[in-house]
Asker: 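Following this message is one structure expressed as structure tokens.
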Amino acid sequence: SGKTVTLRLAHFFPATHPAETVMVQGWAQALAEASDGRIKIVSFPGQTLLAASEVYDGVVTGIADIGLSAFAYTRGRFPLLEVFELPGVTYENSKVASQVAWEAIKELNPTEVRDTKLLMVLATGPGDLFTKSPVRTLEDLQGMEIRATGLSAKTLSVLGAIPVAMPQSEAYEALSRGLVKGNLSPLEVLQGWRHAEVTEYLTLTPFLYNTLFFVTMNQRTWNSLPADLQAVVEEVSERFFQDVAMGLWDTQNEAALKYAVEDTGQQVVTLSDEETARWTELVLPIQVEFVEEMRKKGLPGQQALDLVQELSEKYNALY
Amino acid sequence: MPSRSTIYLKQAEKHVWGACKVFDAIAGISLIAVMLLIVLNIILRAFFKSPILGTYEYVGFLTSLTVSLALAHCALKNGHIAVGFLVAKLPDRLRAGIDAMTNAVSAVFFIFCAKHMLDYGRSFAASGEVGLTTKIPFYPFVYGLAASLILLCLVLFLRTLEMIGMAVRR
Amino acid sequence: MSATLVGLGGIGLFFLLLIVRMPIAYAMVLSGFLGFSWLITPEAAFRVVSKDLYATFSSYSLSVIPMFIFMGFLAFYSGIGARLFTFAYRTMGHFPGGLAIATQATCALFGAVCGSNTATAATIGAIAIPEMKKYRYADTLSTASVAAGGALGVLFPPSVIFIVYGMATEQSIGKLFLAGIIPGFVLMFLYMATIFIMARINPALGPAGPKFTWKERLAALKGGIWEVFVIFSLSLGGLFAGWFTPTEAGAVGAGGVFFLTLIQRKLRWEGLKRALADSTRTTAMIMLLVAAAVIFGRFMAVSRIPFELATWAGQLDLPAYVVMALILLIYLVLGFFIDALALVLLTIPIFYPVVVNVLGYDPIWFGVIMVMVVAMGVITPPVGMNVYIIKGIAADVPLETIFRGIWPFLAALILCIVILLAFPSLTLFLPNMI
Ligand code: NA
Ligand code: NA
């Protein structure tokens, strides 16, 4: 056996968040076991090494060897990958969304992520609207300030809401002060970031939102690993993706929904089919716009969108 | 009669101080702009239900200008505080010598920082990263910070020369 | 060389640079950079410096600092602060140290609407310190009392530290906010008592003035004070009512004072220019320090020193209160060197499980203790953010003088922590009601 490799992993989740306790620690342990202790991961949670929006660049420049963050935090840097966050595509759960994204990325092999060694992607699954006053129809949403970033800001604005951009970590205070009246995010945020304390209603909108997280490694670090360790990392990551990572947010979302409804009395609103159709009609032009923008950049936007639609149908039926 | 080098030094000081003042004035204007923007946004939000989209990001951009552009002027006015009591009791010339050294080290360090700040701005320009809502690119503001660091270096460099002058003066 | 050793070396270098009178912010960035370079690479270290400088300067949350600073300087240069303090002086000035006592009440009042320790110290300091100087208060008392009083800004809700703690530990932020209120009053009264006793023993610290009649007191309120009252209530009331974020409240306050004094011609062009120049200078100084502390914190994180320390403390086979006292001692020592917010973020992942799961203390209670610990860190030398800020405002007072004045207030803080340790119900009574 060769010498031990110590790798710094940076992410923004709190140290007590399952992204650290289940995902990062679980993966680190699996790597240590599979490599007879030759791979050691030292985790820096809670933005202690890199802020959320700086993780990818920090991995490219070697501040961290490995980074975990969301593509959407650096708007413009991953144009083609916005396809996974487009509204109008329904993902039943995070398993579906993760599987679709990982498979599509392997097939598309986008240039924008080739400057690092991508190890895993995982999705949060559907995003829902949690609000201070009930949203049952489009009319209820008009002029309402909702926290949203990146693409979902555009989605909310075509629906008639007023998107307000801010990081998840600042949304609690904004909600508690009424600066924003709601948040479009995965259910997990209700518990993980305590937003159930400051909102009363929950409108289920599985066609509006998806966020994709990445786990990626510095290219030089990857190249410096001996071939047997590279094999271990690829194999363990693939297995860990299937067994734990791709469905991680589902467990979280379920627990958060239970907590929000039972402990804080959150009221759940399900949109009627008719209402859902009205919303979907409004957001579909965003897909068209995406394809047009990719065409201008010379990127295969249509191909990516078709692939995502095909795969999401396939896996919605499967999981 | 002042030597030629002293005249050049005085000229350089005049230009650098002038630049510091201009930068600081823009910083002040940015500060007022932040204030006005936020107040206007509140009024539009409260009375017309149509806030300025991306206020959150504009405030960030303008605040970065306020802070960056004020750095050099702050250094000029000795606004960046130090723990002075340990060298205060030393003889004047020794103290000037020490100050020359710390200023020189700081100047050299910050010139490297400025260079890397430029690289950072260039990487933003290359990756096409923009504000989440406003889609305004980051790199001009990063370049602004780099320029401010260069000006800060000039201030520190001139102060180094001044301190060397005091240390070797008979 | 082990990472811990490099970390200690970096701390040593930082002190060396302070000794040779390098500005504190430069020293923090430079030693943080060198340590990070050693442990990782110079390229990565330069990128850390670039990122943290830009990210700090362009942060919306931190833009609250320039807003409240500008508001303070506007109020100062237009003479509004002076009139407010004339009222305070005529009301409380006949007590020994009365104006400093009144300042503590002002800090608490302002803290009830501002979430930041440093912003509270900056705002109240810009108004109160020049006034106390005018009434011949000793520099040690006037500067140190405001630096320490900033802690009331984070104990009374809203509070940045509580929010960060709640996020990091998944505790209810609402409960944390409530938990801070009674300890806030306890600390305020301890500070007031400290000032009163000190001024009683040494009247030169805060000379007692003549006693004024209520007619005279109210007379001091005339001449535009009511408009200011309206602006303050709009800014602070709007924050309470949930109309504004803290930054917005700062902008409303600054904007209100700005327009009012402009219309009433209390603020001339010259005054505005000076208020702006003072605001940009102070803002640059504070924000560079905040960024520098973040950069140094990154170095500390990769040196694993906080982690090693906490692991060691968690393994001790001693009674809970002894370990707790040890942990507090570690915080006191780390707080000498590391910025408050960085300290909380670095150590919570390590100490929180020890304190809550191993020692069995209440997590909400520990959140309040965390804020108290931060309050100590920001006033203790050589790295004490509040003291630096006060130094920025009172440029003519040497840093050492301020730090000299700090000790009685540090004692009051420690006494307050002991009280909270002995009577957990003081902290937990309010949050347990909901
Ligand atoms: Na507060
Ligand atoms: Na300290």
Asker: Looking at CZ of B/Arg95 and CZ of C/Arg21, how far apart are the two atoms once the value is rounded to the nearest 0.5 Å?
Answerer: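 CZ of C/Arg21 is found 5.5 Å from CZ of B/Arg95.
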Asker: First locate atom CE of C/Met22, then atom CE of B/Met101, and finally report the distance between them rounded to the nearest 0.5 Å.
Answerer: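 One gets 8.5 Å once the value is rounded to the nearest 0.5 Å.
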Asker: Who wins among B/Ile32, B/Leu36, B/Val34, B/Thr66 for the most heavy-atom pairs under 4.5 Å with chain C?
Answerer: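 If we count pairs closer than 4.5 Å to chain C, B/Ile32 comes out on top.
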Asker: May I ask you to test the C/Tyr26-B/Thr102 pair for a side-chain heavy-atom distance under 4.5 Å?
Answerer: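 No, their side chains stay 4.5 Å or more apart.
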Asker: Side chain, backbone, both or neither: which part of B/Leu145 has a non-hydrogen atom closer than 4.5 Å to chain C?
Answerer: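 For B/Leu145, side-chain heavy atoms alone lie under 4.5 Å from chain C.
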Asker: Tell me, for B/Ser123 versus chain C, whether the close heavy atoms (under 4.5 Å) come from the side chain, the backbone, both or neither.
Answerer: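 Side chain only.
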Asker: Are B/Val105 and C/Leu30 side-chain neighbours, meaning at least one heavy-atom pair lies under 4.5 Å?
Answerer: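 A side-chain contact exists here, since the closest heavy-atom pair is under 4.5 Å.
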Asker: Is B/Asp99 close to chain C through its backbone or its side chain, or both, or neither, when contacts mean heavy atoms under 4.5 Å?
Answerer: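 Just the side chain, heavy atoms under 4.5 Å.
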Asker: Can you confirm whether C/Arg268 is buried at CZ, in the sense that more than 12 heavy atoms of other residues, nucleotides or ligands lie under 6.0 Å from that atom?
Answerer: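 Result for CZ/C/Arg268: open.
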Asker: Report the distance from atom NE2 of B/His80 to atom OH of C/Tyr388, rounding to the nearest 0.5 Å.
Answerer: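 It comes to 14.0 Å.
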Asker: Return the minimal non-hydrogen interatomic distance between B/Cys113 and C/Phe46, and the atom names on each side.
Answerer: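 Taking B/Cys113 first and C/Phe46 second, the nearest heavy atoms are N-CE2, 4.0 Å.
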Asker: For the OG1 atom of C/Thr280 and the NE2 atom of B/His73, what is their distance to the nearest 0.5 Å?
Answerer: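 Interatomic distance, C/Thr280 OG1 to B/His73 NE2, rounded to 0.5 Å: 7.5 Å.
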Asker: Rounded to the nearest 0.5 Å, how far apart are OG of C/Ser279 and CE of B/Met35?
Answerer: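 Nearest 0.5 Å value for the OG-CE distance: 10.5 Å.
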Asker: With chain C, which of B/Ser30, B/Ser106, B/Ser68 has the greatest number of heavy-atom pairs at distances under 4.5 Å?
Answerer: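 Looking at each of B/Ser30, B/Ser106, B/Ser68 in turn, B/Ser106 comes out on top.
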Asker: More than 12 non-hydrogen atoms from neighbouring residues, nucleotides or ligands closer than 6.0 Å to CZ on B/Phe61, yes or no?
Answerer: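 Yes, enclosed.
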Asker: Under 4.5 Å from any heavy atom of chain B, what part of C/Pro398 do you find: side chain, backbone, both or neither?
Answerer: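 For C/Pro398, neither part sits under 4.5 Å from chain B.
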Asker: Quick check on B/Leu156 against chain C: is it the side chain, the backbone, both or neither that has a heavy atom closer than 4.5 Å?
Answerer: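 For B/Leu156, side-chain heavy atoms alone lie under 4.5 Å from chain C.
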Asker: Quick one: what part of C/Lys273 sits under 4.5 Å from any heavy atom of chain B, side chain, backbone, both or neither?
Answerer: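 Contact with chain B is absent: no heavy atom of C/Lys273 under 4.5 Å.
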Asker: With chain B, which of C/Met287, C/Glu248, C/Arg281 has the greatest number of heavy-atom pairs at distances under 4.5 Å?
Answerer: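 Result: the option with the highest number of such pairs is C/Glu248.
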Asker: Quick one, C/Pro66 and B/Thr63 - any side-chain contact, counting heavy atoms below 4.5 Å?
Answerer: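 Side-chain contact under 4.5 Å: yes.
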Asker: Counting only heavy atoms closer than 4.5 Å, note whether C/Phe33 contacts chain B via side chain, backbone, both or neither.
Answerer: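 Just its side chain gets close to chain B.
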Asker: So which of C/Ile286, C/Thr282, C/Thr283, C/Leu288 has the largest heavy-atom pair count under 4.5 angstrom toward chain B?
Answerer: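 Answer, by heavy-atom pair count under 4.5 Å with chain B: C/Leu288.
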Asker: Below 4.5 Å from any heavy atom of chain C, which atoms of B/Leu76 appear? Answer side chain, backbone, both or neither.
Answerer: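 No part of B/Leu76 comes within 4.5 Å of chain C.
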Asker: Can you check side-chain contact (heavy atoms from CB on, under 4.5 Å) on B/Phe112 and C/Val49, steps first, answer last?
Answerer: CA-CA 11 Å; B/Phe112 278 105; C/Val49 172; over 6 Å; no
Asker: Using a cut-off of under 4.5 Å on heavy-atom pairs, state which of C/Ala284, C/Ser50, C/Ala251, C/Ala27 scores highest against chain B.
Answerer: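 Highest number of heavy-atom pairs under 4.5 Å: C/Ser50.
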Asker: Less than 4.5 Å to any heavy atom of chain C: does that hold for the side chain of B/Asn103, its backbone, both, or neither?
Answerer: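 Interface part for B/Asn103: neither.
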Asker: At a heavy-atom separation under 4.5 Å, does C/Leu17 approach chain B through its side chain, its backbone, both, or neither?
Answerer: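 The answer is neither part of C/Leu17.
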Asker: At a 4.5 Å cut-off on heavy atoms, which part of B/Phe110 comes close to chain C: side chain, backbone, both, or neither?
Answerer: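 Interface part for B/Phe110: side chain.
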Asker: Using non-hydrogen atoms and a 4.5 Å limit, figure out which bit of B/Leu31 sits close to chain C: side chain, backbone, both or neither.
Answerer: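 The answer is both parts of B/Leu31.
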Asker: A quick test of your reading: do over 12 heavy atoms of other residues, nucleotides or ligands sit less than 6.0 Å from OH of B/Tyr143?
Answerer: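 Correct, the count exceeds 12.
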Asker: Could you state the interatomic distance from OH (C/Tyr54) to OH (B/Tyr139), rounded to the nearest 0.5 Å?
Answerer: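 Answer rounded to 0.5 Å: 12.5 Å.
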